[in-house]
Amino acid sequence: MEHLVGWLLGSVLQAPALLMESRQFVGVLAAAAAAMLAAQLGWHGTDRIIAWRGRPDQD
């Protein structure tokens, strides 16, 4: 029984540290996803602008 109580107490005491580490990891993943989304949107938006401005020149 002591072993179980010790394990539970250790888990509860380590939980805040694990949550702080996981927050940093989730933040890095979210930042990477946002950067990729912004790059894709920028690429697509630039293509649209070039296509829109290029149409009158082709006539």
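Every residue two or more places apart in sequence or in another chain that forms a side-chain hydrogen bond (donor to acceptor under 3.5 Å, both in side chains) with W43 is listed here: D47.
Atom CE of M36 and atom CG of L41 lie 14.0 Å apart (nearest 0.5 Å).
Under a 4.5 Å side-chain heavy-atom criterion applied to ILVMFWY residues, the cluster that includes W7 comprises L4, L8 as well. As a member of the Ile/Leu/Val/Met/Phe/Trp/Tyr network built from side-chain separations under 4.5 Å, F25 groups with L29. Hydrophobic cluster membership of V5, counting Ile, Leu, Val, Met, Phe, Trp and Tyr whose side-chain heavy atoms lie under 4.5 Å apart directly or via other members: none, as it forms a cluster of its own.
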